[in-house]
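Have a look at the structure below before the remarks.
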Amino acid sequence: MQSTELVSPADFARETGQDKDLLRKWRQRYGFPELHSDATGTRGYTRQQIVRLRLILRLQQAGLPPARTIDRPMEELEQYCATLAPAAVADASVGRAIGLLRSVRPAEFDAWLGAQRADRGLADFVNGLAVPLTVAVGQAWAAGEIDIYHEHLYSAVLASHLELAAAAAPRPAEGAPRVLFATLHGEHHALGLLMTRALFAEQGAECIHLGTDLPAGDVVAAATGFQADIVALSFSFAYPKRHVLPDLKHLRSALPQRIALWAGGAATRGIRRPPRGVGLFDDLPAACTAIAQRLAQATHASA
Ligand code: B12
């Protein structure tokens, strides 16, 4: 095998989003992904192993543990994944969006998304289109139907529309809850946060977006410095699940009690008992109800 046919362990880890320690553990426990050597003795992985690992991760995300999928034939994994596609993927809008992303004129995707935002109104744009479309784009990438650059384009265009929506929100009223949005160190996925911010801003909350990949200490300093009422964090599926609870506990104890701590995102899914004083939301409409209550309390207090 030529050395160009093997992917280096560092690239393999980057492309699949798995850290090398976890890959080593899987290799010891399940015998996959095994390292290959080329004619020059350089070690690495095949591209087929990347595709296989993505399918296994997708099934894991859907609740099937690796122990049940790791030794299954590729065709079986593909069939399982096909059955996972939520009803939304069959939706004509999702098909249209993916078609536009794959076309050679991506500006049309931008224009189409803008028209959808105008036609649907923000809540339906986010909950009825952006959420299922983001899942579908992730699945299309995992299945090798679109390239990573399509996913980058999708994320950049959607992020710009969510930014525009937040900027178009009415000026917050005096005393409206001030919400600080961020992700913690290592988390670069921002769409969950941007969706939440756009919806909260439309409802009248004062939103401060700090961006992604922040050390916990900086989040605490900003929350105190900006006198935030709520710190809102997002943990995507890529964030190591085992770190979520310790990170939330640490932040909860480092933040002044009067500042609420809210979090959401795929990595918080399945946490049955959140730490005391932490609000977990896997559902944007539920988070919108909670912010509406805070807004009502603020209006009542200032009346
Ligand atoms: C968009 C995306 C990207 C974009 C991100 C762009 C951006 N600016 O955010 C780009 C292309 C850059 C990207 C890069 C990568 N990605 Co990516 N990405 C995704 C994708 C499709 C969506 C992630 C996302 O935004 N989710 C956010 C929202 C929409 O979903 P959610 O987490 O379920 O949250 C919901 C609720 O909980 C709530 N919510 C979320 N946050 C909050 C916060 C609050 C306060 C509240 C109230 C509510 C709330 O809102 C959401 C809607 O219901 C996922 C697939 C997926 N289905 O998750 C893969 C995925 C997360 N990525 C993955 C990978 C592997 C990568 C890369 C390593 C790929 C690569 N080859 O480079 C890099 C790593 C980047 C990094 N350094 O971390 C894997 C992770 C696998 C794993 N086990 O770690 C996934 C799962 C894809 C897959 N099927 O394998 N990615």
Side-chain angles (χ1 to χ4, degrees), residues 7 10-19 22-23 26 50-51 53-62 66 81 84-86 88-89 98 101 126-160 162-163 179-200 205 207 209 211-213 230-241 244 248 260-271 278-291:
V7 176
D11 285 346
F12 186 82
R14 189 177 51 75
E15 286 206 32
T16 57
Q18 301 305 298
D19 68 38
L22 185 96
L23 291 174
W26 278 29
I50 296 185
V51 178
L53 182 56
R54 283 180 185 164
L55 291 172
I56 292 166
L57 290 171
R58 210 172 119 200
L59 290 166
Q60 187 187 19
Q61 195 181 5
C81 281
L84 290 179
V89 178
I98 295 195
L101 278 173
V126 172
N127 295 311
L129 181 67
V131 172
L133 187 51
T134 303
V135 174
V137 165
Q139 290 180 345
W141 173 73
E145 287 160 15
I146 58 169
D147 228 308
I148 189 71
Y149 67 85
H150 294 114
E151 197 175 306
H152 278 288
L153 174 75
Y154 168 73
S155 306
V157 174
L158 176 61
S160 75
L162 294 169
E163 300 270 359
V179 192
L180 188 79
F181 292 88
T183 71
L184 293 182
H185 183 55
E187 176 60 87
H188 296 265
H189 292 84
L191 296 179
L193 211 58
L194 292 175
M195 290 175 194
T196 314
R197 179 180 66 147
L199 291 168
F200 281 15
C207 298
H209 184 59
T212 56
D213 196 23
I230 301 167
V231 168
L233 302 175
S234 182
F235 299 92
S236 79
F237 187 74
Y239 199 82
K241 244 188 156 136
V244 176
L248 287 173
L261 178 58
W262 291 4
T268 64
R269 217 161 277 156
I271 296 181
V278 176
L280 286 189
F281 299 92
D282 188 26
D283 180 46
L284 290 175
C288 286
T289 306
I291 199 71

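Order of listing sets the numbers, starting from 1, for every ligand and every atom in it.
- In the candidate list Ile230, Leu191, Leu194, Leu191 is nearest to atom 25 (O) of ligand 1, counting heavy atoms.
- The shell of residues lying under 4.0 angstrom from ligand 1, judged by heavy atoms, includes Arg269.
- At a heavy-atom distance under 4.0 Å, atoms from both the backbone and the side chain of Ala266 approach ligand 1.
- Contact annotation: for Val131 versus ligand 1, heavy atoms closer than 4.0 Å belong to the side chain alone.
- Within the 4.0 Å heavy-atom criterion, neither part of Arg54 lies near ligand 1.
- Residue-level proximity to ligand 1 for Leu233 is carried by the backbone, the only part with a heavy atom below 4.0 angstrom.
- Remark: ligand 1 atoms within the under-4.0 Å shell around heavy atoms of Thr196 are 42 (C), 43 (C), 44 (C), 46 (C), 47 (C), 48 (C), 49 (C).
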Given the rule in the side-chain hydrogen bond (donor to acceptor under 3.5 Å, both in side chains) test, do His185 and Glu187 qualify, once you have shown the distances and angles that lead to the verdict?
CA-CA 6 Å; His185 183 55; Glu187 176 60 87; over 6 Å; no

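- Counting protein heavy atoms under 4.0 angstrom from atom 3 (C) of ligand 1 gives one or more.
- Remark: among candidates Gly186, Gly211, Gly264, the nearest residue to atom 44 (C) of ligand 1 is Gly264, based on non-hydrogen atoms.
- Heavy atoms only, all atoms of each residue included: Leu248 and Ala263 are closest at CD2-CB, 4.0 Å.
- With atom 7 (C) of ligand 1 as the reference point, the heavy atom nearest to it among Ala159, Ala190, Ala140 is part of Ala190.
- For the pair Gly265 and ligand 1, the shortest N or O to N or O distance falls below 3.5 Å.
- Contact between Ile291 and Trp262 at its shortest, heavy atoms only, is N-CH2, 3.9 Å.
- Within the protein, the number of N/O/S atoms found under 2.8 Å from atom 17 (Co) of ligand 1 is 1.
- Taking CH2 of Trp141 as the reference point, atom NE2 of His152 lies at 9.5 Å (rounded to 0.5 Å).
- For ligand 1, the atoms closer than 4.0 angstrom to any heavy atom of Ser155 are 1 (C), 4 (C), 5 (C), 6 (C).
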